[in-house]
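Working notes for the structure below.
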Amino acid sequence: HCTMSTILNSSWPRSESRLKPVIFMPGGRRGSRRIELRQQLMSVSRMQIARFLIRILVFLGAGMLLIQSAVANSEQTNYNLGIAAYKEGDYRRAFEAWSLAAFEDNTEAQYNLGVLYLEGLGIESNLKQARAWFHTAADKGHVEAQYNLGHMALSGMGTEKSIEQALQWWERSARGGYAPAQFNYGRALYLGVAGAQDKPAGMKSMQLAAEQEDARALKFLRENPAASGLPGTESGLDVQARVSTADAPEPVDSEQATRE
């Protein structure tokens, strides 16, 4: 006879390992097709978005090139308008045109603004503004601006007098190949101004200026043939100094600087 305990023990599994999990797939094959279709749509959408973004980037790049070209054309146009006005003696119009070009980062216009502020042409004379514009151009390697800053430092124009700063600016300008600065710096070295005297280096710098037909360098070398190793007036070196640029105002004269 079977007891109730015997029936219960024989009807139920003794171990849970016999139970197998059932995975429910909604919709069966239809569900898997829907998932595949959704994945395909997502991949297509991603490709379309990528293409759309690429088109936007290309459009923006072309737009930036057009803007840069327009700015460059505007900058050069304003600079040229300033040149024309300056040659006609209309300094106020030159000042306005060069101001626009200078704020568009035209180095020559920045230098020319410094000249106008220095000389009081088209605008009230302002030595600090002149020095500021010269400094902006000089920091970008403008040799005439560097030369003028040296003269202003020597004379105390818009700043405290400093022969050391003057020599530093003239050295930078001389290294850039500007003949007036080569003469000023060379003469200072030759005479031992504000420091140790270095006649060979000074003479070399002045000879570089003379090679560019700088009148003061030619005169100094002509009057000091023993120091320069060059012949005197018979050498035919008595020629005019070359104009630095035909399209911009002349730099500050430094006769006073070279006499000190």
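These figures come from a predicted structure and were not determined experimentally.
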Here the pair of heavy atoms bringing Tyr178 nearest to Gln212 is C-NE2, 4.5 Å
(request) Could you give me the CA-CA distance, side-chain angles and deciding distance for Glu108 and Asn112, then say whether side-chain hydrogen bond (donor to acceptor under 3.5 Å, both in side chains) is met? (result) CA-CA 6 Å; Glu108 291 295 332; Asn112 289 351; 5.3 Å; no
Go through the steps to decide whether Trp170 and Tyr147 satisfy the test side-chain contact (heavy atoms from CB on, under 4.5 Å), and finish with yes or no.
CA-CA 5 Å; Trp170 285 338; Tyr147 172 81; 3.8 Å; yes
Hits for salt bridge (charged side-chain N to carboxylate O under 4.0 Å, His left out) against Asp198, two or more places apart or cross-chain, chain-then-number order -> none
Closest non-hydrogen contact found for Asn78 with Ala97 is O-CB, 3.3 Å
Correct closest heavy-atom pair for Ala209 and Ala179 would be CB-O, 3.4 Å
### Message
When you group the ILVMFWY residues by side-chain heavy-atom contacts below 4.5 Å and let the links chain together, are Leu189 and Leu191 in the same group?
### Response
yes
Would a hydrophobic clustering, with Ile, Leu, Val, Met, Phe, Trp and Tyr connected at side-chain separations under 4.5 Å, put Val193 with Met206?
yes
More than 12 heavy atoms of other residues, nucleotides or ligands under 6.0 Å from NZ of Lys128: is that the case?
no
- Message: Please tell me whether Ile83 and Leu121 are part of a single hydrophobic cluster in this structure, the criterion being side-chain heavy atoms less than 4.5 Å apart.
- Response: yes
By side-chain contact (heavy atoms from CB on, under 4.5 Å), Lys204 pairs with (sequence neighbours left out) none
Ser162 meets the side-chain contact (heavy atoms from CB on, under 4.5 Å) criterion, sequence neighbours left out, with Glu164, Gln165
